Amino acid sequence: MSIIFLLILFSLILAIAFLFAFIWSVKDGQFDDNYTPSVRILFDDEKQNNLNTKEEL
Amino acid sequence: MIFVSYCLNMQKVIETDIKCYHCGEPCVDEIIRVGEKQFCCEGCKLVYEILNENNLCTYYNFNETPGISPSKKNVDKRFAYLDEASVKSKLLQFSDGNTASLTFFIPQMHCSSCIWLLENLNRINDSILRSRVDFMRKEVQIFYKENTFSLRKLVELLSTIGYEPQINLDDLEKNKKQKKDRSAVYRIGVAGFCFGNIMLFSFPGYFSLADSTEKHYGNVFNYLNLVLSLPVLFYCSAPFFRFAFQSLKQKFLNIDVPIALGIFIMFVRSSYEIISATGAGYMDTMAGLTFFMLLGRQFQNKTYDTLSFDRDYKSFFPISVMVKRNGSETSIPVSDIKVGERIIIRNEELIPADSILIKGEASIDYSFVTGESASVYKKAGELLYAGGKQKGPAIEMEVVKQVEQSYLTQLWNNDAYVKKQTQSGFQQLVNRISHYFTIVILGIALASLAYWIYFGHPEIGWNAFTAVLIIACPCALAISSPFTLGNILRIFGRNKFYLKNYAVIEKLAKADSIVFDKTGTLTTNDRSDVAFHGELSENNKYLISSATFHSYHPLSRMIYEQTKGERRGKVSDYTEFSGKGYLVVVDGLIIKIGSASFVKGKTSMGDETEVHISVSDNYLGYFSFKNVYRPGVDAMIASLRNEKYSLYVISGDHAGEMGKLKALCGEDSMILFEQTPADKLTFIQDLQKHGKNVLMIGDGLNDAGALRQADVGISVADNVNNFSPACDAIIDAQKLKSLSNILNVSKASKKIIYGSFIIALIYNAFGLYFAVRGELSPLFAAILMPISSVTIISFTTLLSKWMGRNRNE
């Protein structure tokens, strides 16, 4: 059962790694704007539609 | 199909209101057609063509008429200053000779189409590499190739498609120094991390596994918890301790004191238990409490931010300004002013945005901004700051900075115009309650601790002590008032009723007497029948129109509309006599315009509103205006009578309308005529001496003093820029008929706040009952507390939204 100490150690290290990833992404500014991504995700990928959207003048 | 589309086309021709396909404005002066689409101007058509050429017509798919009409000013020379190296270095965030990047502030963006277009700029010009929008801050960051595309060309491009950035070199200095404060998010992250892991390590404790297997395993987990709780105590809960200390220093107990105390006690007690191996401690509760409290605070702050953002950008600030567009002069709301436009400011009108003086003699009164009423003389080419009032003939200016509604509201709330007390009665009540609340809670906590120790169960005692401290939360009391009022403020703003601050809502609820001004408030100045009694030669028309142009009084504006021609004379002097009339010198001739007593020397006996004119003391005649009451006024007054308000009408006009007004307001209401501005003020004072709570509604022209004296002063805005800082609220003239609804909503908001107080108290009472008996685990209390905050916020928000929807159109 003493393996449990090793397991605890590894799990803690993994968790701390995630915490640092979180702090790093906040510092990088990824969580500053939480409105625009919600709009941006609804835009279509235009590459296929290029030829079709030009309207007749 | 052809037949059907022919019919549809016919329908379009019959429609009198053709809207521009790009910007949605009615095509008034010219209609430019491209295929089946109409545009109101060359600018809109040009934008459409640019988008079409680059396959960007998806822009129009997201929203109806998402476009912004580009500024009429030519782009040619305007942005020449962007070629200078010093300017570029200030603006660019990054530059390495090849690629450059910078962030523009573009307040015109208002919808998803704008976001889409601004992020697809690279399709209009290959030199633009990529762009990213931050919609909440109205900013776009653009990366472009410096060597093939200059900064100036980039700004010119943006301006041509209607998204001209607002470039202010002074502001940039300030912005660069403001670093983002993300510490709240870090704290939540760390607290969440510790909380989760502590709970995991407490599992053996929960399931009593440590006892059945080997003891020292249990100890390891406990010590791990202890270690993990250290960052929670020292880093995450630091704000609570800081605020608690600050309030204690001021001999005041705010809501952070019991929380800080609770956290500290739990830490000490748990560490003692762990180190002395007598138990597992409450680290999970402590970390959980901190985590949930931080979340609750963050939620609160975000909601406040949204409310104030709404107020700045979406609320209707109902001041209009005369602007020169397409060669003619029109009135537009202040929020529609674009940088570079020419605006005309008349006597007593407010300058809405920083502008450069182009024509006219400016004598600006900055009392609104600085408190000093000495006028400052300015010459052409000088910069005039927002907030100043022109005293004298009309001047023409070019806007150099976008209107900042928040700045104007700030000025409005300035000390110089503060009446009696601005802190809402609710706020004071809440502060008092919080203070006593905390003392009472501490007392109960200590009492229950003592009780349990006395009866021999110290563990239950400590449980009870910490549970009481946690569960009793006055935070619900503290947040329900600002949240409800903030929401109501926002709802009002969307319905064209703009309040100075929260406290006004409460004052509206308290009012019991309503005083109306007649001209311009109950009557509309739009659609009167204007007739001239006398000789009106062409020369006289020219003189009269030149004179009336400079006055913002609605009657003058109507006279101007009737008499205006191609030219206007040169005005060398302009003096206004409040309540009587004004004197203008046009081309050397003295023109008097005003009431009969002002112009002729004797009062008139007619029953219509009259404006008399004389040129060089030769009496010309007078204009008569039929009183036209605003639609919906009778219904509004009837419902006010139903609600048992005392109604009064005071007017500077003569008594012709007495019969009509008596019928409208009731036989027992007081209707006074021929009132000077001073008379109006004393009338209100008299009412107040009799213990009445007075709500005054006027158009701010001759009743500024009365508006200030009244308990609540509402000024009616009707396409006019006569902002009177003495008023507490501005209502759009079209919405005046909703006055009864507005008062009901204000009264209902009081009920909502009391309702949430009661819910908070009931919740506290229940929680305390169980906590004192030791039956409430502190962890459970820690989770319940922020849930109660969230419930109260949702309760007040939803209820005020529902109420707002119900009572307004």
Side-chain angles (χ1 to χ4, degrees), chain A, chain B residues 34-37 48-49 51-62 109 111-120 123 132-141 180 182-186 188-190 192-194 196-197 200-201 204 213-214 216-217 220-221 224 227-228 231 302 306 309:
Chain A
M1 258 294 262
S2 43
I3 191 80
I4 205 168
F5 296 121
L6 200 62
L7 288 174
I8 292 175
L9 186 66
F10 279 151
S11 71
L12 258 184
I13 291 177
L14 190 64
I16 290 181
F18 275 110
L19 181 66
F20 277 122
F22 171 72
I23 292 178
W24 176 54
S25 67
V26 171
K27 234 190 196 151
D28 195 40
Q30 290 176 24
F31 287 101
D32 285 342
D33 179 11
N34 46 13
Y35 177 75
T36 322
S38 68
V39 177
R40 197 176 290 131
I41 205 172
L42 296 172
F43 294 149
D44 282 334
D45 205 11
E46 294 271 324
K47 294 205 176 97
Q48 295 93 354
N49 303 347
N50 246 341
L51 298 166
N52 303 338
T53 55
K54 188 154 188 173
E55 296 183 15
E56 299 275 321
L57 273 181
Chain B
V34 177
E36 297 230 326
K37 304 188 169 62
Y48 172 75
E49 285 177 339
L51 295 184
N52 199 18
E53 267 168 43
N54 294 291
N55 290 320
L56 290 171
C57 281
T58 326
Y59 177 67
Y60 297 104
N61 293 346
F62 295 111
M109 60 168 102
C111 64
S112 47
S113 294
C114 306
I115 301 178
W116 184 84
L117 181 61
L118 288 170
E119 292 197 341
N120 277 292
R123 285 163 61 171
R132 199 169 176 88
V133 169
D134 184 336
F135 187 68
M136 294 304 262
R137 298 173 57 123
K138 305 282 186 222
E139 288 177 350
V140 61
Q141 184 185 36
K180 279 195 183 266
R182 302 190 180 104
S183 57
V185 183
Y186 294 143
I188 294 179
V190 171
F193 167 80
C194 294
N197 283 298
L200 281 176
F201 292 141
T213 55
E214 294 158 47
H216 67 270
Y217 283 144
V220 168
F221 288 118
L224 276 172
V227 166
L228 279 174
K302 286 264 151 144
T306 318
F309 171 83

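None of these values were measured; they are calculated from a predicted model. Lettering follows sequence order; numbering is per chain, from 1. Computation of the quantities below employed the complete heavy-atom set of this structure, encompassing side-chain atoms and omitting hydrogens, waters and symmetry-equivalent molecules.
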Rounded to the nearest 0.5 Å, what separates atom [atom1] in [X] from atom [atom2] in [Y]?
X: A/F43; Y: B/E119; atom1: CZ; atom2: CD; value: 6.5 Å
X: B/F201; Y: A/S11; atom1: CZ; atom2: OG; value: 4.5 Å
X: B/L224; Y: A/F5; atom1: CG; atom2: CZ; value: 9.5 Å
X: B/Y186; Y: A/I23; atom1: OH; atom2: CD1; value: 7.5 Å
X: A/T36; Y: B/L118; atom1: OG1; atom2: CG; value: 11.0 Å
X: B/F135; Y: A/Y35; atom1: CZ; atom2: OH; value: 5.5 Å

**Prompt:** A/R40 side chain to B/I115 main-chain N or O, any donor-acceptor pair under 3.5 Å?
**Reply:**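 No: the side chain of A/R40 does not pair with the backbone of B/I115.
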**Request:** Please check if atom CG in A/L6 has more than 12 non-hydrogen atoms from other residues, nucleotides or ligands closer than 6.0 Å.
**Result:**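 Atom CG in A/L6 is packed in, count exceeds 12.
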**Request:** Please flag which part of B/L51 lies under 4.5 Å from any non-hydrogen atom of chain A: side chain, backbone, both or neither.
**Result:**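 Neither; nothing under 4.5 Å.
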Please examine the side chains of [Y] and [X], heavy atoms only from C-beta on, and report whether any two atoms are closer than 4.5 Å.
X: B/I188; Y: A/F22; result: no
X: A/L42; Y: B/F62; result: no
X: A/V39; Y: B/W116; result: no

**Request:** Write down the atom of A/L19, the atom of B/G189, and the distance for their closest heavy-atom approach.
**Result:**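 A/L19 and B/G189 have their closest heavy atoms at CD1-O, 3.8 Å.
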**Message:** For A/V26, which atoms come within 4.5 Å of any heavy atom of chain B: side chain, backbone, both, or neither?
**Reply:**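 Both parts, backbone and side chain.
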